[in-house]
*Asks:* 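Have a look at this one.
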Amino acid sequence: MKALHLYNTLTRKKELLKPLFPPKVRIYTCGPTVYGHTHLGHMRTYTNTDILIRVLKYFRFKPFQVMNITDVGHLLGDRDLGEDKMEKAARQEKKDAWEIAKEYTKEFFLVMKKLNIEKADIVSKATDNIPQMILLVQELERRGFTYKIKDGIYFDTSKVPDYGKLSHMPLKKLLEGARVEINPEKRNPTDFALWKFTPKGIHRQMEWASPWNKKSFPGWHIECSTMAMRYLSYCFAGGKFYPQRFETIDIHTGGIDLVPVHHTNEIAQTEAATGKKFVNYWMHNEFLQVDGKKMSKSLGNFYTLSDLEGRGYKDLMPLRYLFLNTHYRKKMNFTWKSLAGAKTACENIIREVNVVNGLRDQKKEKYYLAEFANKLVNDLNMPQAIAVLHEVLGDNSLPSFSKKEIVMNFDQVLGLNLLEKAKEIRKSRQKKLPSKIVSLAKKRETLREKGKWAEADKIRKKIEELGYRVEDTSEGTDIKLI
Ligand code: AMP
Ligand code: ZN
């Protein structure tokens with residue numbers, strides 16, 4: 001395990017990662033709200049989270065990641081007012097809300113797979129955690145942190161002295177944000193809904209009976225605290241909640257927009273219920289923007305998988321490469337031109353690792369691996385890590401065999417499938433060879449297997465006379481037009 005430093009939103013500092021139970025690193029990742037298409041903004045955030053997981057594995061930690069799927073309770077305004085995003089999508093698309101959730105969850109994981117993002121160890125839907133969420137709200141009720149008003153059970157933020165510590169915003173500023181959408185019955189503007197009641201006269205597709213109301217549904221934040229406690233600390237068993245079992249989570253990830261409300265409230269309710277620190281390291285991804293504005297469904301400035309495919313990007317590795325070129329804590333402006341540039345860059349890299357022969361220079365290999373690791377341990381500095389990759393490829397004195405070994409090693413983190421791509425290209429090129437050349441190559445291969453080197457060499461010369469070059473690499477034989 002290497003000394004890995006990560007920037008912690010809670011302390012505003014880069015800190016040495018010290019997991020509670022090393023080498024295990026327990027991670028909670030806020031997943032998508034599955035009411036619409038997965039867009040490039042989501043793709044960026046989850047690619048960066050995937051880099052974190054891969055870096056941890058690279059340095060021999062054992063990450064264990066839990067991700068939620070928000071399929072109920074996320075209201076339009078993030079502050080417990082307005083329509084539920086799922087119900088609205090169902091109404092607009094004239095479909096069942098459960099069907100909407102299923103469809104968009106499927107799309108999300110399809111996109112994740114295409115981006116080579118490893119699936120979390122546990123993925124769980126909010127709607128599969130209703131009894132546990134109720135138990136948690138009851139615990140908060142017992143501990144005196146809640147109150148009931150017309151539209152639900154609310155968390156009283158004035159009972160938490162350090163409320164808002166994650167955002168580092170003065171309470172005044174937090175209050176200003178909260179006042180935008182005010183519910184006059186709330187005791188404090190920052191108070192938030194733990195459990196909501198279906199309004200009279202409204203028909204909801206997703207609702208449950210709870211101890212407080214026959215027709216009700218969870219607030220948005222409660223699902224993440226519940227799942228973190230359920231799957232990372234095993235706090236629920238036999239229909240009961242055991243807050244004393246809770247152990248502080250190592251890392252919590254999400255987009256930067258989640259800091260002032262969603263994550264702030266996750267902290268408040270979890271720490272109120274357990275009396276323990278919720279999370280040690282908070283990591284937040286900056287936005288992907290278009291023309292200087294956050295890419296989002298609400299602004300309508302988003303691109304999805306079908307936009308990418310429509311423009312010929314069936315393979316999403318250039319997009320992944322493009323994401324890696326901006327540090328996760330920096331805003332990134334997306335343009336189709338930059339994606340085209342990333343595609344060319346990827347093709348060039350693949351070309352470089354396509355031919356592999358010669359000797360190895362182990363000293364240099366060691367040097368480059370150390371350089372690469374130095375960039376990773378500094379808060380996952382992927383743009384600099386990519387620069388090391390280019391240094392390797394551009395090093396004319398480095399044998400190509402060594403280049404291949406290094407690239408294969410780096411790709412455990414980059415996740416760009418570089419060698420697989422190189423192999424594919426080689427194969428497709430071989431498929432296009434004239435049948436005469438293919439049969440000569442096969443004959444040569446058989447002779448080589450039998451150790452008949454002189455005869456094999458004669459065939460090689462014959463192939464060359466026909467205008468093709470034979471290269472024997474560690475991956476097999478490569479034949480190219482001269
Ligand atoms: P949502 O589906 O809106 O709940 O978002 C799922 C995750 O994607 C959250 O962590 C968001 O912060 C993140 N996200 C949404 N839009 C963007 C964006 N434009 N850039 C980066 N991350 C985003
Ligand atoms: Zn969350």
*Asks:* Has Lys165 got more than 12 heavy atoms of other residues, nucleotides or ligands less than 6.0 Å from its NZ?
*Replies:* yes
*Asks:* Using 30° and 60° as the class limits, which term best fits the ring planes of Trp282 and Phe278: parallel, tilted or perpendicular?
*Replies:* perpendicular
*Asks:* Checking side-chain hydrogen bond (donor to acceptor under 3.5 Å, both in side chains) against Thr9, which of His263, His168, His284, His252 comes through?
*Replies:* His284
*Asks:* Strictly distance-based, threshold 3.5 Å: is any side-chain N or O of Arg245 a donor or acceptor partner for the main-chain N or O of Tyr234?
*Replies:* yes
*Asks:* If the condition is side-chain contact (heavy atoms from CB on, under 4.5 Å), which residues does Lys297 pass it with, not counting sequence neighbours?
*Replies:* Tyr35, Phe302
*Asks:* Is it true that atom NZ of Lys366 has more than 12 heavy atoms of other residues, nucleotides or ligands lying nearer than 6.0 Å?
*Replies:* no
*Asks:* For side chain to side chain contact (heavy atoms under 4.5 Å, CB included), just list the numbers for Leu447 and Trp453, CA-CA rounded to whole Å, side-chain angles, deciding distance to a tenth of an Å, and then say yes or no.
*Replies:* CA-CA 7 Å; Leu447 291 168; Trp453 308 112; over 6 Å; no
*Asks:* Does any pair with a residue in residues 48-64 pass side chain to side chain donor-acceptor pair (under 3.5 Å), and if so which ones, sequence neighbours excluded?
*Replies:* Asn48-Asn285, Asp50-Arg54, Asp50-Arg320, Lys57-Glu118, Tyr58-Asn409
*Asks:* Mind checking what makes side-chain contact (heavy atoms from CB on, under 4.5 Å) contact with Ala454, not counting sequence neighbours?
*Replies:* none
*Asks:* Is Arg360 salt-bridged to Glu365, cutoff N-O under 4.0 Å?
*Replies:* yes
*Asks:* Taking all non-hydrogen atoms of both residues into account, name the closest pair between Gln65 and Thr29 and its distance.
*Replies:* NE2-OG1, 2.9 Å
*Asks:* Quick one: salt bridge (Lys or Arg N to Asp or Glu O under 4.0 Å) pairs with a partner in residues 327-336, sequence neighbours left out?
*Replies:* Glu286-Lys331, Arg329-Asp379
*Asks:* Would you say Trp98 and Thr127 make side-chain contact, with heavy atoms under 4.5 Å?
*Replies:* yes
*Asks:* Not counting sequence neighbours, list each pair that qualifies as a salt bridge (Lys or Arg N to Asp or Glu O under 4.0 Å) and has a residue in residues 386-402.
*Replies:* Lys364-Asp395
*Asks:* With under 30° as parallel and over 60° as perpendicular, where do the rings of Tyr46 and Phe108 fit, or are they tilted in between?
*Replies:* perpendicular
*Asks:* Could you tell me whether the side chain of Leu339 reaches within less than 4.5 Å of the side chain of Phe334, counting heavy atoms only?
*Replies:* yes
*Asks:* Under the salt bridge (Lys or Arg N to Asp or Glu O under 4.0 Å) rule, collect the residues that match up with Arg460, sequence neighbours excluded.
*Replies:* Asp457, Glu464
*Asks:* Considering non-hydrogen atoms only, spot the tightest contact between Ile249 and Tyr28 and give its length.
*Replies:* CG2-N, 4.4 Å
*Asks:* Measure from the side-chain N and O atoms of Asp361 to the backbone N and O of Leu398, and report whether any donor-acceptor pair falls under 3.5 Å.
*Replies:* no
*Asks:* Side chain of Asp307, backbone of Thr304: donor and acceptor closer than 3.5 Å?
*Replies:* yes
*Asks:* Quick one: does any side-chain atom of Ser439 pair with a main-chain N or O of Lys436 as donor and acceptor, under 3.5 Å?
*Replies:* yes
*Asks:* Evaluate the ring planes of His42 and His39, with Trp represented by its six-membered ring, and classify them as parallel (under 30°), tilted (30 to 60°) or perpendicular (over 60°).
*Replies:* parallel
*Asks:* Do Ser225 and Glu266 get their side chains close enough for a donor-acceptor pair, meaning under 3.5 Å?
*Replies:* no
*Asks:* Excluding sequence neighbours, so at least two apart, what forms salt bridge (Lys or Arg N to Asp or Glu O under 4.0 Å) with Glu15?
*Replies:* none
*Asks:* Could you tell me if Asn68 and Thr70 have a donor-acceptor pair between their side chains, going purely by distance under 3.5 Å?
*Replies:* yes
*Asks:* Apply salt bridge (Lys or Arg N to Asp or Glu O under 4.0 Å) to Lys114 and list each qualifying residue two or more places apart in sequence or on a separate chain.
*Replies:* Glu309
*Asks:* Please check this pair: side chain of Glu107 against backbone of Thr38, looking for a donor-acceptor N/O pair closer than 3.5 Å.
*Replies:* yes
*Asks:* Looking only at side-chain N and O atoms, does Asp291 offer a donor or acceptor that is under 3.5 Å from a partner on Asn301?
*Replies:* no
*Asks:* Just by distance, do the side chain of Asp250 and the backbone of Arg26 share a donor-acceptor pair under 3.5 Å?
*Replies:* yes
*Asks:* So, Asn280 versus Lys277: side-chain donor-acceptor pair below 3.5 Å or not?
*Replies:* yes
*Asks:* Applying side-chain contact (heavy atoms from CB on, under 4.5 Å), name anything that partners Thr335, two or more places apart in sequence or on another chain.
*Replies:* Asn333, Lys337, Ser338
*Asks:* Should His262 and Trp220 count as side-chain neighbours, where that means a heavy-atom distance under 4.5 Å?
*Replies:* yes
*Asks:* Looking only at heavy atoms, which two atoms of Asp96 and Ala90 are closest? And how far apart?
*Replies:* C-CB, 4.1 Å
*Asks:* Which residue pairs pass the salt bridge (Lys or Arg N to Asp or Glu O under 4.0 Å) test with at least one member in residues 410-421, sequence neighbours excluded?
*Replies:* Asp315-Lys421
*Asks:* Under the rule for salt bridge (Lys or Arg N to Asp or Glu O under 4.0 Å), what residues qualify as partners of Glu347, not counting sequence neighbours?
*Replies:* Lys343
*Asks:* Kindly assign one of parallel, tilted or perpendicular to the pair Tyr104 and His37, based on the angle between their ring planes and the thresholds 30° and 60°.
*Replies:* perpendicular
*Asks:* Distance to the ring centre below 6.0 angstrom and angle to the axis at most 45 degrees; does that hold for Lys24 and Phe61?
*Replies:* no
*Asks:* List the steps and the verdict of side chain to side chain contact (heavy atoms under 4.5 Å, CB included) for Ile130 and Phe217.
*Replies:* CA-CA 8 Å; Ile130 300 292; Phe217 57 99; over 6 Å; no
*Asks:* Is a side-chain donor-acceptor pair under 3.5 Å present for Thr326 with Arg44?
*Replies:* no
*Asks:* Test your reading of the model: is there a side-chain donor-acceptor pair from Glu87 to the backbone of Ala97, 3.5 Å cut-off?
*Replies:* no
*Asks:* Yes or no on side chain to side chain contact (heavy atoms under 4.5 Å, CB included) for Val279 and Ile251, after CA distance, side-chain angles and deciding distance?
*Replies:* CA-CA 6 Å; Val279 170; Ile251 304 177; 5.8 Å; no
*Asks:* Keeping the roles fixed (side chain from Asn129, backbone from Thr226), state whether a donor-acceptor pair exists under 3.5 Å.
*Replies:* no
*Asks:* On a heavy-atom basis, which atom in Tyr321 and which in His390 lie closest, and how many Å separate them?
*Replies:* OH-NE2, 2.8 Å
*Asks:* Run the salt-bridge test on Asp257 and Lys294 with the 4.0 Å N-O cut-off and return the result as yes or no.
*Replies:* yes
*Asks:* Distance-only, no hydrogens or angles: does the Lys403 side chain make a donor-acceptor pair with backbone N or O of Leu393 under 3.5 Å?
*Replies:* yes
*Asks:* Step by step, would you call Trp336 with Leu308 a side chain to side chain contact (heavy atoms under 4.5 Å, CB included)?
*Replies:* CA-CA 9 Å; Trp336 289 105; Leu308 289 164; 3.8 Å; yes
*Asks:* Restricting to non-hydrogen atoms, name the atom on Leu75 and the atom on Asp84 that form the minimum distance, rounded to 0.1 Å.
*Replies:* CD2-CA, 3.5 Å
*Asks:* Can you name the nearest heavy-atom pair linking Ile27 to Pro63, along with the distance?
*Replies:* CD1-CB, 3.9 Å
*Asks:* Any side-chain heavy-atom pair from Leu4 and Leu56 closer than 4.5 angstrom?
*Replies:* yes
*Asks:* Just by modelled atom types, is the Met133 backbone N or O under 3.5 Å from a matching donor or acceptor in the Glu223 side chain?
*Replies:* no
*Asks:* Suppose we screen for side-chain contact (heavy atoms from CB on, under 4.5 Å). Which residues come up paired with Lys18, at least two apart in sequence or across chains?
*Replies:* Leu16, Tyr281
*Asks:* Do we see a donor-acceptor contact under 3.5 Å between the side chains of Asn378 and Lys14?
*Replies:* yes
